[in-house]
Number of protein chains: 2
Amino acid sequence: MARPLPQVSTHSSRLLTGTAEYALRALAELAVCAPGEMVRTVDLAKRTGVPEAYLAKVLRRLVSHDVLRATKGHGGGFALARPPDRIRFVEVLEAVDSMPLANRCAFGRPSCSSHDPCPLHPVWTQLKDTFLEWARNTTLADVGRPLVR
Amino acid sequence: MARPLPQVSTHSSRLLTGTAEYALRALAELAVCAPGEMVRTVDLAKRTGVPEAYLAKVLRRLVSHDVLRATKGHGGGFALARPPDRIRFVEVLEAVDSMPLANRCAFGRPSCSSHDPCPLHPVWTQLKDTFLEWARNTTLADVGRPLVR
DNA sequence: ATTTCACCGGACATTCGCATCCGTTGATAC
DNA sequence: GTATCAACGGATGCGAATGTCCGGTGAAAT
């Protein structure tokens, strides 16, 4: 017992940071709980396979960004701050990562637009916009579902 | 002078690793050169804003993966190993990152499929497949173009 | 042949994301 | 009031990704 469990793997095009993935795992668990049910860090850690001490830190960031709410003491724990369908992935990513991805040039140029594009601008914009659309349109209500959209 | 120039920014949902971004910058420059023209590391570094010493290391990885070819000595440098339209982004990412993204569960489960899905499986698959499609269908011939596809 | 040039490749330094630890705070149970 | 519980938040450690350095190798110019 006390099996190490699957930590984040390293060195690969990952799309999401390890921390963001951890946040989504925990939120996915909370999304299927009864509304208002408080779940402790230790339980979330067990269900998600995320290191408990680190998960605690991630959850705190989500609380400070009003994605989660928390209560202390007996019967305490974490719960979603709103119904699952009103928590968008983009909010989660902003909370744990702070993603200024929207206007970032793949060439590192301070200004890069369709008017003054860098060589990578078109292909990079294509990928970036797709990702942002996904992050903005996906909510916690979409987890654990057969993907209808 | 000797201005630091825009290194990769940190802490954000990045989609690509810094190294992968560096590789694409350099390849984008080489893609618009005359076929067979050899470009030196120092010149690529200036044009792309990538630290020269590190870029040299990235370029070597691309050579060992047959994305680039290199020659030493006077008039030496790097050039694409093939025409731009035959170099897919996925090859580049595999060369510098080694991306086993294809079958990786966002919940860290050893096995996760549509038969035995984790809560995040549907939404995660959606994003992952979109990214892989982008990486496989985009080539160096697409850089610097108005994005027609 | 010698010099110069530019890639090669490994050793080394730095930075940052990931992870752990521990004392503090506030709420509940008794 | 006291004890217990669980979140809070700062300090610290670790390892991978990033970035630097330098001697070696082979090709071209003279």
Side-chain angles (χ1 to χ4, degrees), chain A residues 2 4-14 16-23 25-26 30 37-46 48-65 68-79 81 93 96-99 108, chain B residues 2 4-14 16-23 25-26 30 37-46 48-65 68-79 81 93 96-99 108:
Chain A
L5 271 187
Q7 248 73 325
V8 286
S9 66
T10 63
H11 207 50
S12 56
S13 297
R14 258 195 337 199
L16 265 43
T17 63
T19 302
E21 188 178 303
Y22 287 165
R25 286 190 203 178
L30 286 168
E37 176 186 353
M38 304 307 281
V39 185
R40 297 180 305 165
T41 302
V42 57
D43 293 323
L44 281 174
K46 279 173 189 158
T48 58
V50 178
E52 182 183 338
Y54 191 62
L55 179 60
K57 184 170 286 196
V58 176
L59 294 174
R60 258 174 272 139
R61 279 198 244 175
L62 292 172
V63 169
S64 69
H65 285 258
L68 292 182
R69 61 189 178 83
T71 60
K72 298 180 181 178
H74 274 97
F78 296 89
L93 301 184
V96 298
D97 280 343
S98 74
M99 52 183 256
Chain B
L5 272 188
Q7 249 71 325
V8 286
S9 67
T10 62
H11 207 48
S12 56
S13 296
R14 256 196 335 198
L16 265 43
T17 63
T19 303
E21 188 177 302
Y22 287 165
R25 286 191 203 178
L30 287 168
E37 177 186 352
M38 306 307 281
V39 185
R40 298 179 304 165
T41 303
V42 58
D43 293 323
L44 283 174
K46 279 174 191 160
T48 57
V50 178
E52 183 182 337
Y54 191 62
L55 179 60
K57 183 173 286 192
V58 176
L59 294 175
R60 259 174 273 139
R61 279 199 244 175
L62 292 171
V63 169
S64 69
H65 281 77
L68 291 181
R69 61 189 177 84
T71 59
K72 298 180 181 177
H74 275 96
F78 296 91
L93 301 184
V96 297
D97 280 343
S98 73
M99 51 183 258

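Residue numbering restarts at 1 for every chain, and letters A, B, ... go by the order of the sequence lines. The model shown is predicted, which means the values in this text are computed figures rather than measured ones.
- A straight line from CZ of B/Arg69 to P of C/dC8 spans 12 Å, rounded to a whole angstrom.
- An OP1 or OP2 oxygen of D/dA17 is reached within less than 4.0 angstrom by no side-chain nitrogen or oxygen of B/Arg14.
- If you take CG on A/Leu68 and CZ on A/Phe78, they are separated by 7.0 Å, rounding to the nearest 0.5 Å.
- Interface remark: the B/Lys57 side chain does form a donor-acceptor pair with the D/dG19 base, using a distance-only criterion of under 3.5 Å.
- Rounded to whole Å, the distance from CD on A/Glu52 to P on C/dT20 is 10 Å.
- Sequence order on DNA chain C of the closest nucleotides to A/Arg60 and A/Ala20 puts A/Ala20 first from the 5' end.
- Interface residues of residues 37-44 of chain A facing DNA chain C, ordered by number: none; criterion, heavy-atom separation under 4.0 Å.
- Regarding A/Leu62, its CG atom lies at a distance of 14 Å from the C1' atom of D/dC8, rounded to whole Å.
- With rounding to whole Å, A/Leu55 atom CG is found 12 Å from D/dC8 atom P.
- Contacts of B/Ala79 classified as side-chain contact (heavy atoms from CB on, under 4.5 Å), with partners at least two apart in sequence or in another chain: B/Met38, B/Arg69.
- Nearest approach of B/Val58 to B/Ala23, heavy atoms of both residues: CG1-CB, 3.8 Å.
- For B/Phe78 and C/dA6, the CZ to P distance is 12 Å, given to the nearest whole Å.
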What's touching nucleotides 26-29 of chain C from the protein side, N or O pairs under 3.5 Å?
{"residue": "C/dG26", "atom": "O4'", "partner": "A/Lys72", "partner atom": "NZ", "Å": "3.2"}
{"residue": "C/dG26", "atom": "N2", "partner": "A/Gly73", "partner atom": "N", "Å": "3.1"}
{"residue": "C/dT28", "atom": "O2", "partner": "A/His74", "partner atom": "ND1", "Å": "3.2"}

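- The shortest non-hydrogen separation linking A/Ala20 to A/Asp97 is CB-OD2, 3.6 Å.
- Distance A/Leu59 CG to C/dA19 P: 14 Å, rounded to the nearest Å.
- Listed candidates were C/dA19, D/dG19, C/dC8. Nearest to the side chain of B/Tyr22 is D/dG19.
- The CZ atom of B/Arg61 sits 8.0 Å away from atom NZ of B/Lys57, with the distance rounded to the nearest 0.5 Å.
- The side chain of A/Thr19 contributes an N or O atom lying less than 4.0 Å from OP1 or OP2 of C/dC18.
- Nearest heavy atom pair, residue B/Ala70 against residue B/Val63, reads CB-CG2, 4.1 Å.
- Not a single side chain to side chain donor-acceptor pair (under 3.5 Å) links B/Arg60 to another residue, sequence neighbours left out.
- Nucleic acid contact class of A/Ala70 (heavy atoms, under 4.0 Å, all strands): sugar-phosphate only.
- Taking atom CZ of A/Arg61 as the reference point, atom P of C/dC18 lies 8 Å away to the nearest angstrom.
- With sequence neighbours excluded, the residues satisfying side-chain contact (heavy atoms from CB on, under 4.5 Å) with A/Val39 are A/Leu30, A/Cys33, A/Glu37, A/Asp43, A/Leu44, A/Arg47.
- Only one option out of A/Leu59, A/Val96, A/Val50 pairs with A/Tyr22 in a side chain to side chain contact (heavy atoms under 4.5 Å, CB included); it is A/Val50.
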